[in-house]
Amino acid sequence: MIKFCDVSKVYDTGKHAVTGLNLNIKDGEFFVLIGPSGCGKTTTLKMINRLIPLTTGYIYVKDKPITEYNIQQLRWNMGYVLQQIALFPNMTVEENIRTVPEMKKWSKDKMKDRVTELLESVDLDAKNYRHRKISELSGGEQQRVGVLRAFAADPDIILMDEPFSALDPISRQNLQEDVAKMHKKWNKTIVFVTHDMQEAMSLGERIALMEKGKIVQVGTPYEIINHPKNDFVRQFLESGNIETAEDQTIQQLIDEKYFSSIESPESTEQMNIVLSPEDSVNELIVALSKETSVFIENRQTQSFWKITNKEVMAYLAANIESRGDAR
Ligand code: ADP
Ligand code: MG
């Protein structure tokens with residue numbers, strides 16, 4: 001879907017922001033670019049929709065170099081979400097969401113239905129929300145509208161540049177769940193930039209870790225956690241405190257009562273992934289990057305605990321706090 005071939009970017013200042021980048025982002029993949037500030041994540045993302053021209057190399061979208069696309073068509077096919085909310089504050093939620101469909105000259109009915117569908121997909125009451133002014137919404141609600149707007153015209157690709165870093169932890173977690181849900185529902189190719197390892201691990205199907213304009217390692221969360229390529233990756237994992245997840249088993253979450261809902265075996269048809277209490281928290285994180293919920297078997301009662309990202313994130317967050325205290 002998106003292919004980088006030996007891509008480099010040197011800014012006019014002489015700064016080598018990105019060097020010799022090779023990447024293959026698959027159709028429908030949730031792909032995360034992560035790395036410390038200044039490592040070239042935003043530059044990489046903006047080269048995809050041609051907001052920044054490359055210095056050397058090629059980027060292909062669906063096997064065609066991006067330079068061969070009509071720029072408007074290229075961008076219409078790519079939703080874009082930024083950290084700072086770029087909505088029109090005096091317009092309503094509906095007016096904001098339908099900006100791209102309007103440019104694409106969709107019919108009024110089609111746009112209206114689409115706005116309803118989008119709002120409902122994240123459990124917002126369409127009747128209530130569609131006519132609200134952006135300026136009357138909380139930061140978290142505004143960013144949620146920003147995400148919906150990116151999906152509005154049904155683009156194949158969604159680019160997200162640290163979309164949730166300015167939010168409080170609860171809104172952030174909710175938005176992460178929404179995006180995971182929307183990715184699963186509409187099967188878009190998502191390129192998501194973050195500097196937060198937990199965010200990367202909980203959302204990404206594959207993760208590319210960058211340092212000083214180069215890719216250090218690409219892999220699934222599981223591969224990166226279990227086979228960090230070098231000290232830089234190891235340190236980065238430690239900064240996100242993720243390394244603890246590999247030594248911990250799901251039993252710990254059970255002991256600390258992070259699971260609430262118990263499902264009976266009758267609902268087995270929705271149970272795509274079933275793990276056992278002896279499996280590691282890591283495996284759980286990986287499983288939750290593929291499914292919105294995972295089931296843990298409770299052998300004593302012959303039932304299942306249902307777990308979502310929310311519980312795992314709460315557990316990881318609590319873990320960081322307690323480890324922080326210990327230091
Ligand atoms: P990240 O998003 O990972 O923080 P960026 O892609 O924004 O990194 O920046 C990569 C490097 O390129 C940084 O050193 C940054 O200062 C530099 N840079 C970014 N934009 C420009 C620009 N327009 N002109 C010159 N240097 C830039
Ligand atoms: Mg950036």
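Whatever order the structure lists ligands and atoms in, that order sets their numbers, starting from 1.
- Checked against a 3.5 angstrom limit, the closest N/O atoms of Lys41 and ligand 1 fall inside it.
- Every atom of ligand 1 is numbered from 1 in the order shown, and the set under 4.0 Å from a heavy atom of Lys15 is 11 (C), 12 (O), 14 (O), 17 (C).
- The only member of Val18, Leu21, Thr19, Thr56 that meets side-chain contact (heavy atoms from CB on, under 4.5 Å) when paired with Lys9 is Val18.
- Residues Ile59 and Tyr80 share a hydrophobic cluster, clusters being chains of Ile/Leu/Val/Met/Phe/Trp/Tyr side chains in contact below 4.5 Å.
- Each of the atoms 4 (O) of ligand 1 lies under 4.0 Å from some heavy atom of Ser37.
- For Glu223 and Lys229, the salt-bridge test fails: no basic side-chain N is under 4.0 Å from an acidic carboxylate O.
- The pair Glu94-Lys112 does not meet the salt-bridge criterion, since no charged nitrogen lies less than 4.0 angstrom from a carboxylate oxygen.
- Taking a cutoff of 4.0 Å between a charged side-chain nitrogen and a carboxylate oxygen, Asp156 and Lys62 qualify as a salt bridge.
- Nearest to atom 2 (O) of ligand 1 by heavy atom, out of Thr42, Ile34, Asp12, is Thr42.
- At least one cation-pi condition fails for Lys64 and Tyr60: the charged atom is not both under 6.0 angstrom from the six-membered ring centre and inside a 45 degree cone around its axis.
- The nearest heavy-atom contact from the protein to atom 8 (O) of ligand 1 is Gly40 N, 3.2 Å.
- When the heavy atoms of Ala17, Cys39, Gly14 are ranked by distance to atom 12 (O) of ligand 1, first place goes to Ala17.
- Protein heavy atoms are absent from the space less than 4.0 angstrom from atom 16 (O) of ligand 1.
- Considering all non-hydrogen atoms of both residues, Gly28 and Glu205 come closest at O-OE1, 3.9 Å.
- A salt bridge links Asp196 with Arg172: the closest approach of a Lys/Arg side-chain nitrogen to an acidic carboxylate oxygen falls below 4.0 angstrom.
- The Mg ion (ligand 2) has an N, O or S atom of Thr42 closer than 2.8 Å.
- What sits closest to atom 18 (N) of ligand 1 on the protein, heavy atoms only, is Tyr11 CE1, 3.4 Å.
- Among all protein heavy atoms, the one lying closest to atom 10 (C) of ligand 1 is Gly38 O, 3.4 Å.
- Thr43 OG1, 2.5 Å is the protein heavy atom nearest to atom 6 (O) of ligand 1.
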